[in-house]
There are 2 protein chains.
Amino acid sequence: MNTPRNQETLARALRKAGLRPTRQRLSLAQCLFANGDRHVTAEALYAEAVAAGYPVSLATVYNTLHQFTGAGLLRQVMVDTNRSYFDSNTSDHHHYFHEETGELVDIPSHAVTVGDLPNMPEGAEVSRVEVVVRVHQRAS
Amino acid sequence: MNTPRNQETLARALRKAGLRPTRQRLSLAQCLFANGDRHVTAEALYAEAVAAGYPVSLATVYNTLHQFTGAGLLRQVMVDTNRSYFDSNTSDHHHYFHEETGELVDIPSHAVTVGDLPNMPEGAEVSRVEVVVRVHQRAS
DNA sequence: CAATAAATTTAGAGTGATTCTAAATTAAAG
DNA sequence: CTTTAATTTAGAATCACTCTAAATTTATTG
């Protein structure tokens, strides 16, 4: 789990990434990082920000999510072809994906062991190992 | 790796799944299963079928890919938010995903060990474990 | 084989998430 | 306070994919 960050820490992180700490970015960062780890879609974050009284456009939410991802503050999780999920926990870990609800739950990385990887493509190096455990409601 | 299947075997598999072995389905099956394992997107398969002189519509390619997936002949791989990949190898295995080229390469399942899964969501059961090793070109 | 019923295909319209564009606003620098 | 460059934004555009309804094909039955 990531440490909660305050406005100042965030502003510094943004500046370091070459991003001005604007009202919109700080508002979204507030939503994303103020209360522990989050898994959000762009639409969900947009709705949340608007509901919280932070006026932001959907375009800015998309821009910001990508910029934060580029800056290493977020990571994108590929689980659904229909929408993108962003994870505020950038440390090494994996996910459950609940097929019915679309909910994501973290799995600590130590639960999964990756052995020697065979037939690694020539000249390539690993940038990340992603494990998604798809679960569905047990029939009762 | 899956065993190559001939038209008759495929027609039988389709019938068993309640699908009529139409010209289009058999053509696409030909592309998908005649020469070892494949990883295709809908657009790519469409282009390939048309180029091979099998007249098919894009809508039918989409329908067929989903029907084949439902019938257990294909499996969908989630690696890219922008497009869906379908894998003609339905046996238990994982993937390399080359971030630059979009190429998928199989990883045999024995190379990855999944330990006891913690904090499994209540009342849920695992439907599949997907491991994607994202790789990128090594800087030279 | 002919007639009928049911499944399939398809062109083209529709959808929904995401990206782009170009104008208006805002932050940083001087 | 000006100037400059970055940012935001509404709305248009895009792109993968799905839907619709009509035309075609497959399977079934007489």
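Chain letters run A, B, ... following the sequence lines, proteins first, then strands; residues in each count from 1. Computed from a predicted structure; not experimentally measured.
Between A/G102 and A/F97, the closest heavy-atom pair is O-CE1, 3.5 Å. Minimum heavy-atom separation, A/R25 to A/L14: CB-CD1, 4.0 Å. Between B/E125 and A/A139, the shortest heavy-atom distance links the atoms OE2-N, 4.4 Å. Nearest approach of B/L74 to B/S88, heavy atoms of both residues: CD2-CA, 3.6 Å. Across every non-hydrogen atom of A/A13 and A/L73, the tightest pair is CB-CD2, 4.2 Å.
Taking five base pairs at each end of the helix from C/dC1-D/dG30 to C/dG30-D/dC1, the local helix axes there meet at an angle of 30°, rounded to 10°.
B/S84 comes within 4.0 angstrom of the backbone, heavy atoms only, and of no base.
In summary, contact between chain B and DNA chain D, defined as any nucleotide atom under 4.0 Å from a heavy atom of the protein, begins and ends at D/dA16 to D/dA27 in the 5' to 3' direction.
Comparing A/G18 and B/T41 by the nucleotide of DNA chain D that holds the closest heavy atom to each, the one mapping nearer the 5' end is A/G18.
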Give me the distances for all protein-to-nucleotides 28-30 of chain C N/O pairs that come in under 3.5 Å?
unit_1: C/dA28; atom_1: OP1; unit_2: A/R15; atom_2: NH1; d: 3.1

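In terms of hydrophobic clustering, with Ile, Leu, Val, Met, Phe, Trp and Tyr side chains grouped at heavy-atom distances under 4.5 Å, B/V40 and B/L28 are assigned to a common cluster.
In this view, A/D106 and A/D37, A/H39, A/D87, A/N89, A/H93, A/H95 satisfy the side chain to side chain contact (heavy atoms under 4.5 Å, CB included) rule, not counting sequence neighbours. Partners of B/T41 under the side chain to side chain contact (heavy atoms under 4.5 Å, CB included) rule, at least two apart in sequence or in another chain, are B/E43, B/A44, B/R83, B/Y85. Under the side chain to side chain contact (heavy atoms under 4.5 Å, CB included) criterion, B/E122 pairs with no residue, sequence neighbours left out. Legend: residues meeting salt bridge (Lys or Arg N to Asp or Glu O under 4.0 Å) with A/R134, ordered by chain and number and at least two apart, are B/E130. Scanning for salt bridge (Lys or Arg N to Asp or Glu O under 4.0 Å) contacts around A/R38 gives A/E48, with sequence neighbours left out.
If you measure from atom CZ of A/R83 to atom P of C/dT18, you get 7 Å, rounded to the nearest angstrom. Going from atom CG of A/L45 over to atom P of C/dA17 covers 15 Å, rounded to whole Å.
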Starting from the C-alpha separation in whole Å, work towards a yes-or-no answer on side chain to side chain donor-acceptor pair (under 3.5 Å) for B/E100 and B/H136.
CA-CA 6 Å; B/E100 279 93 8; B/H136 64 270; 5.8 Å; no

Set out, in order, the CA-CA distance, both residues' side-chain angles and the distance that settles side-chain contact (heavy atoms from CB on, under 4.5 Å) for A/Q137 and A/E99, then state yes or no.
CA-CA 8 Å; A/Q137 214 47 48; A/E99 294 175 331; over 6 Å; no

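Contacts of residues 46-63 of chain B with DNA chain D (heavy atom under 4.0 Å): B/A59, B/Y62. For the contact set between residues 96-105 of chain A and DNA chain C, defined by any heavy atom under 4.0 Å, there are no members.
Within the structure, every side-chain polar atom (N or O) of A/H66 is placed at least 4.0 Å from both OP1 and OP2 of C/dT18.
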Atom pairs and distances, donor-acceptor, side-chain atoms in residues 49-66 of chain A, under 3.5 Å, two or more places apart:
unit_1: A/S57; atom_1: OG; unit_2: A/T60; atom_2: N; d: 3.1
unit_1: A/S57; atom_1: OG; unit_2: A/T60; atom_2: OG1; d: 3.0
unit_1: A/N63; atom_1: ND2; unit_2: A/A59; atom_2: O; d: 3.4
unit_1: A/T64; atom_1: OG1; unit_2: A/T60; atom_2: O; d: 2.7
unit_1: A/H66; atom_1: ND1; unit_2: A/Y62; atom_2: O; d: 3.2

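B/V129 belongs to a hydrophobic cluster with A/Y96, A/V105, A/I107, A/V112, A/V114, A/L117, A/M120, A/V126, A/V129, A/V131, A/V133, A/V135, B/Y96, B/V105, B/I107, B/V112, B/V114, B/L117, B/M120, B/V126, B/V131, B/V133, B/V135, counting contacts under 4.5 Å between side-chain heavy atoms of Ile, Leu, Val, Met, Phe, Trp and Tyr, direct or through other members.
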